[in-house]
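Presented below is the structure to which this report refers.
Only a predicted model underlies this, so the values are computations on that prediction, with no experimental measurement involved. Just so it is clear: chains get the letters A, B, ... in the order the sequence lines come, proteins before strands, and each one is counted from 1.
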2 protein chains.
Amino acid sequence: MVKRTPEQAEETRRTILAAARHLFETKGYTDTSIAAIVHDAGTTKGALFYHFANKEALFREVWTEVQLEMDAETRAAAAAAISSTDPYAAFLAGTRVYFKWASTQAYQRIVLTDGRAVMGLDRWQENDDRLGRNNVANGLRYLAKQGHISDERVVPMSVMLLNALNGAGFSLSRKDPGVTADNLFEAFEELLRGLR
Amino acid sequence: MVKRTPEQAEETRRTILAAARHLFETKGYTDTSIAAIVHDAGTTKGALFYHFANKEALFREVWTEVQLEMDAETRAAAAAAISSTDPYAAFLAGTRVYFKWASTQAYQRIVLTDGRAVMGLDRWQENDDRLGRNNVANGLRYLAKQGHISDERVVPMSVMLLNALNGAGFSLSRKDPGVTADNLFEAFEELLRGLR
DNA sequence: GCCTTATCATACCAGTGGTATGTAAAACTT
DNA sequence: AAGTTTTACATACCACTGGTATGATAAGGC
């Protein structure tokens, strides 16, 4: 049997994506061969190259998948934490969830480490601006509207704060001595509240 | 002629390193083939694999070379800017030079982007801790000793600030609208002076 | 003057991402 | 219902890659 129903085709597509995601996460992009992916997925290269243009396109789909999951979770956390007493509350809740993601191997390898190297900087920016940084910028814009930080600081600050969180995630996962999720995030909070 | 004098051997080694550095900088690690390197260097694979264990080892030497140049320049700038009136002066002078490096294509591709992906996180950390982050940590330790920031903040802050600068470099080189080297660095300075 | 050894050059190899082609079943046409 | 087209793969193949094994030649020590 070679031809499947559309549902079956979607199924093999998802199977390939799942196998690729797992391998990209554990072994990295370059150390993951197409042969290994289709082996784990229980299919062949024919199926893979039918569903995806090439290895990089497959990676981009995995990358986007991870980013969308992160995005949804951080937005939800921020929305749920909106407070009338502390204008920083929603922003901090969102960043705390993002920080949790940035500490996972999946996010580090797929999104942060390999993502930049595999797709060029341009494509990475294009996607990351939309998903990652834009949320930070929106949060800062809200703080600016409340008068807590200055307007023209929003853009440069969003870049730096997002990257600060990425670095914090790396630091945590590498178990730097004397570093915990809590004291890292406290430091970040201090950084943020110090602004004017 | 196949055998050379030691000086000639060193020369070919340097030629290979230079060709590799140029290609890694302009085309990236994966899009640079060994064949292209030895072609540009005017030698053969035999010479390359005699002088370097493998492609990754060659890359690591290039990486270290770039990092050492950056390190020397930032240290010099910081040392030259030590001031009795402003305790932040030396630190800011050093970070300003680092920021300039972080805006160059060479540093972005070789050190920041490909570096993490090619050598694993472990090796990258190991080297980056020594060269990049350690300088930031030392600067912060100095500020802590003066009582401007708290001691236990030094480590987490050094991670976050270094990554903030990296991000700033990316942002600058991608020409984000309304972003200049000056206003980026002013934002960073504000971030730093906001600490206590 | 011989022998060892450093410094390459060349031929070769296994594995890689990617393509061309074959093929069977589903879906559409009439 | 039969025939045709198209989808969803499977298989065989290819150019190229990093890396290795082997060969060659001159330098340097004895």
Are A:Phe91 and A:Tyr142 an aromatic pair by the rule of ring centers under 6.0 Å? no
Heavy-atom donor-acceptor pair, B:Asp40 side chain to B:Ala19 backbone, under 3.5 Å: no
side-chain N/O B:Thr43 vs C:dC8 OP1/OP2, d < 4.0 Å: no
Judged by each residue's nearest nucleotide on DNA chain C, which is more toward the 5′ side, A:Ile34 or A:Gly46? A:Ile34
So, is B:His51 close to the C:dT7 phosphate, meaning a side-chain N or O under 4.0 Å from OP1 or OP2? no
Starting at CG of A:Asn183, measure out to CD of B:Glu152 and round the result to the nearest 0.5 Å. 8.0 Å
Rounding to an integer number of Å, can you tell me how far A:Tyr50 OH sits from C:dT19 C1'? 16 Å
Would you say a side-chain N or O of B:Arg4 is under 4.0 Å from OP1 or OP2 of C:dC8? yes
Given atom CD of B:Glu11 and atom P of C:dT7, what is their separation to the nearest angstrom? 14 Å
Can you check the A:Ile37 CD1 to C:dG18 C1' distance for me, whole Å? 13 Å
Proximity to the side chain of A:Thr5 - top-ranked nucleotide from C:dG18, C:dA27, C:dT7: C:dA27
Looking for any heavy atom pair under 4.0 Å, which part of the strands does A:Thr32 touch: base, sugar-phosphate only, or nothing? sugar-phosphate
Under 4.0 Å, counting only non-hydrogen atoms across every strand here, what does B:Thr44 touch: a base, just sugar-phosphate, or nothing? base
Quickly work out the B:Leu48 CG to D:dT17 C1' distance and round it to whole Å. 14 Å
Can you tell me how far P of C:dG15 sits from CG of B:Asn54, to the nearest Å? 18 Å
Just how far, in rounded Å, is C1' of D:dG28 from CD of B:Gln8? 14 Å
Whole Å only: how far is the NZ atom of A:Lys45 from the P atom of D:dC14? 13 Å
Under the 3.5 angstrom rule, does the side chain of A:Thr113 hit a backbone N or O of A:Gln108 as a donor-acceptor pair? yes
Given C:dC8, D:dT17, D:dA10, the nucleotide with the shortest approach to the side chain of B:Ser33: D:dT17
Identify whether the distance between the nearest side-chain nitrogen and carboxylate oxygen of A:Lys100 and A:Glu73 falls below 4.0 Å. yes
Closest of C:dT7, D:dG19, C:dA9 to the B:Phe49 side chain is D:dG19
Measure the distance from CG on A:Asp31 to P on C:dG15 and round it to the nearest whole Å. 15 Å
